[in-house]
There are 2 protein chains.
Amino acid sequence: MPVKAHNQETRARLLAAAAEVFAEKGFEVASVREICAKAGANVAAVNYHFGDKRNLYNTLLNQLFADTWNKRAPLLPASAPPEARLRAFIQAFFDEVLSSDYDERGRAQAARLYLLEMARPSEALTLIVRDYIRRDAEEIAAIVGALLGPSASEAQVTLCASSVVAQVLYYLQSAAIIACLAPDAPPPHRRVAQLAEHVYQFSLGGLTRLAAAPPPAKGETPC
Amino acid sequence: MPVKAHNQETRARLLAAAAEVFAEKGFEVASVREICAKAGANVAAVNYHFGDKRNLYNTLLNQLFADTWNKRAPLLPASAPPEARLRAFIQAFFDEVLSSDYDERGRAQAARLYLLEMARPSEALTLIVRDYIRRDAEEIAAIVGALLGPSASEAQVTLCASSVVAQVLYYLQSAAIIACLAPDAPPPHRRVAQLAEHVYQFSLGGLTRLAAAPPPAKGETPC
DNA sequence: GCGAGTTTAAAACAGTCGTTTAAATTGTAA
DNA sequence: TTACAATTTAAACGACTGTTTTAAACTCGC
């Protein structure tokens with residue numbers, strides 16, 4: 001059990017290689033041997049530095065999400081007008097979700113690992129949600145709540161917040177179909193600006209409509 | 001090469017077992033041995049009846065998608081008012097995406113296999129898109145186009161159609177996070193009616209806003 | 001009942017999997 | 001240099017993978 005490691009080089013190379021392989025194939029299909037080969041390390045290196053494959057995966061996910069979350073564009077303060085906050089949130093969300101492999105490899109890998117975790121959740125997802133995603137959920141809920149007004153119910157805020165984030169996540173989680181349906185169109189990550197503006201306008205329309213006509217309390221009929 | 005098969009029983013049992021195992025673990029993680037065991041068949045049965053594992057998977061996907069697509073609630077004709085068509089489309093889409101494992105096992109399996117194909121697309125996805133998904137894409141595009149009016153550009157129609165389907169797919173593709181963020185809330189498939197109504201209202205708001213203020217032609221400034 | 005064709009069965013094929021072992025190597029401090 | 005711990009290495013572990021082989025069991029028309 002190495003208490004203090006003298007040489008962390010191969011450990012870092014293992015993490016980098018693991019990011020590539022896990023992001024491409026997912027936890028179970030990825031093989032320790034391929035990761036070690038790509039890192040130029042021995043097969044036993046994973047078990048020496050991380051104990052086992054699962055711990056390498058969890059360590060990687062934590063590091064990757066921490067890095068990308070910290071590098072995110074700062075959100076607007078709660079004192080800013082809610083429209084501007086919504087616009088900034090959508091933009092930052094798109095930047096994070098649709099980063100290209102070329103100039104933001106780390107973010108793109110985090111997005112892909114997130115996608116794979118959605119399809120087949122593992123124990124790591126719980127921590128990711130608690131440490132990172134929950135903050136975003138609360139942020140967008142606050143923004144949407146400000147736009148809907150104080151009369152909006154908590155359920156309605158959640159529904160509208162879901163509608164906003166859904167429109168962004170769609171371009172990550174349905175990328176395979178988008179590319180298949182319109183193979184000649186430029187890929188989504190080349191038109192984040194256009195997409196962000198559209199989602200902002202579309203969401204503002206939905207929010208103002210629902211703010212104007214709040215639904216009756218459930219189970220009761222309006223007077 | 002069996003030209004005419006006398007006994008298709010085990011073939012059918014293999015397909016049923018494959019649906020369960022593939023839907024749970026995905027193509028690569030699922031094992032032929034587990035499928036055969038669950039079907040009460042010999043290990044060689046898959047290769048005898050389907051040639052190999054990949055062909056079993058493709059056959060299953062085609063059959064499953066054909067079945068669920070045919071059992072779908074009929075869509076409204078193009079002559080119906082576009083608002084009603086949008087409402088019916090969203091409802092039918094939700095019914096298909098959020099079917100419970102208990103009373104609509106086939107649909108739920110198809111939805112899960114779809115989710116797994118999104119995360120790690122295989123050759124089968126191309127056929128699924130061509131034979132089934134493309135029709136839905138054209139249907140929702142026609143509905144959205146009618147609601148936006150004739151002045152809407154093709155790109156704007158695609159963006160708005162994406163915003164609509166994204167709100168539905170969200171509850172399939174982010175189910176893991178939804179359950180994690182609100183573990184006590186009733187699962188989405190128990191409140192399809194509420195969700196469908198919300199997505200309809202939210203989308204109508206977004207569509208009317210974008211219909212009222214069409215964006216300028218790209219690259220040019222409005223007069 | 002017979003033989004042809006279809007379906008199942010057990011066993012083995014050559015690989016890959018994650019992990020472990022034990023020896024060899026490296027780097028550092030006394 | 002010696003001594004010791006940290007790291008890397010090659011080799012092997014048993015278990016599992018998809019697929020194939022070979023033979024046995026079945027089902028059918030005759």
Side-chain angles (χ1 to χ4, degrees), chain A residues 1-61 63 113 116-117 120 122-124, chain B residues 1-63 113 116-117 120-124:
Chain A
M1 191 193 296
V3 181
K4 243 187 183 178
H6 289 202
N7 181 7
Q8 301 277 37
E9 266 186 45
T10 57
R11 199 188 117 104
R13 286 206 314 276
L14 281 175
L15 277 173
E20 290 195 30
V21 181
F22 280 140
E24 182 195 347
K25 311 191 168 181
F27 172 76
E28 322 205 48
V29 180
S31 84
V32 171
R33 281 177 165 83
E34 182 181 357
I35 292 172
C36 289
K38 188 162 288 195
N42 188 270
V43 214
V46 162
N47 298 76
Y48 176 76
H49 285 280
F50 298 93
D52 60 359
K53 182 188 181 185
R54 173 61 65 179
N55 193 258
L56 165 62
Y57 179 77
N58 290 342
T59 306
L60 168 69
L61 241 67
Q63 182 203 286
L113 287 169
L116 291 165
E117 277 288 328
R120 247 175 96 61
S122 78
E123 52 184 33
Chain B
M1 190 193 297
V3 179
K4 243 185 182 178
H6 289 202
N7 183 5
Q8 301 279 36
E9 265 187 43
T10 57
R11 200 188 117 104
R13 286 207 315 276
L14 280 175
L15 278 173
E20 288 195 31
V21 181
F22 280 139
E24 182 194 348
K25 309 191 168 181
F27 173 76
E28 323 206 45
V29 180
S31 85
V32 172
R33 279 176 167 82
E34 182 181 357
I35 293 172
C36 291
K38 188 162 289 196
N42 189 269
V43 212
V46 162
N47 299 78
Y48 175 76
H49 285 280
F50 297 94
D52 61 357
K53 181 187 181 184
R54 173 61 66 180
N55 193 258
L56 165 62
Y57 180 77
N58 290 342
T59 305
L60 168 70
L61 241 67
N62 273 312
Q63 181 202 286
L113 287 169
L116 291 164
E117 277 288 328
R120 250 176 92 62
S122 78
E123 52 184 33

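Below, chains carry the letters A, B, ... as their sequence lines are ordered, and counting in each starts from 1. Computed from a predicted structure; not experimentally measured.
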- Query: Do any N or O atoms from the side chain of A:Asp52 and from the backbone of A:Asn55 form a donor-acceptor pair under 3.5 angstrom?
  - Reply: yes
- Message: If I take atom CD1 in residue A:Ile35 and atom C1' in nucleotide C:dC17, what distance separates them, rounded to the nearest angstrom?
- Response: 13 Å
- Task: Can you tell me the distance, in whole Å, between the CD atom of A:Glu9 and the C1' atom of C:dT26?
- Result: 13 Å
- Message: Treating B:Asn62 as the side-chain partner and B:Asn58 as the backbone partner, does any N or O pair qualify as donor plus acceptor under 3.5 Å?
- Response: yes
- Query: Would you say the side-chain atoms of B:Arg120 pair up with the backbone N or O of A:Glu24, donor to acceptor, closer than 3.5 Å?
  - Reply: yes
- Query: With sugar-phosphate meaning primed atoms plus P, OP1 and OP2, does A:Ala44 contact a base, only sugar-phosphate, or nothing at under 4.0 Å between heavy atoms?
  - Reply: base
- Give the rounded distance in Å between these two atoms: CG of B:Leu56 and P of D:dG18. 11 Å
- Item | Proximity to the side chain of A:Asn42 - top-ranked nucleotide from C:dA10, D:dT19, D:dA10 | D:dA10
- Hey, what do you get for CD (B:Glu123) to CD (B:Glu117), rounding to the nearest 0.5 Å? 9.0 Å
- Would you indicate which nucleotide in C:dG18, C:dT7, D:dT19 comes nearest to any side-chain atom of B:Lys53? D:dT19
- Query: Where do B:Lys25 and B:Glu34 land on the salt bridge (charged side-chain N to carboxylate O under 4.0 Å, His left out) test, with the steps shown first?
  - Reply: CA-CA 11 Å; B:Lys25 309 191 168 181; B:Glu34 182 181 357; 3.0 Å; yes
- Query: If you check every side-chain atom of B:Arg33, which of D:dT7, D:dT9, C:dA12 has the closest atom?
  - Reply: C:dA12
- Let me know the distance between NZ of B:Lys25 and P of C:dC17, rounded to the nearest Å. 17 Å
- Item | Nucleotide nearest A:Val43 (side chain, heavy atoms from C-beta), chosen from D:dT21, C:dT8, C:dT19 | C:dT19
- Item | Residue B:Asn47, side-chain atoms from C-beta onward, closest of D:dG18, D:dT20, C:dG18 | D:dT20
- Task: Could you tell me whether the phosphate oxygens of C:dT7, OP1 or OP2, come under 4.0 Å of any side-chain nitrogen or oxygen in B:Thr10?
- Result: no
- Note on the structure: Rounded to whole Å, OH of B:Tyr57 lies from P of D:dG18 at a distance of 14 Å
- Task: Check the distance between D:dT9's C1' and A:His49's NE2 and give it to me in whole angstrom.
- Result: 12 Å
- What integer distance in Å separates B:Tyr48:OH from D:dA24:P? 18 Å
- Between A:Ala41 and B:Glu34, which has a closest nucleotide on DNA chain D that is more 5'? A:Ala41
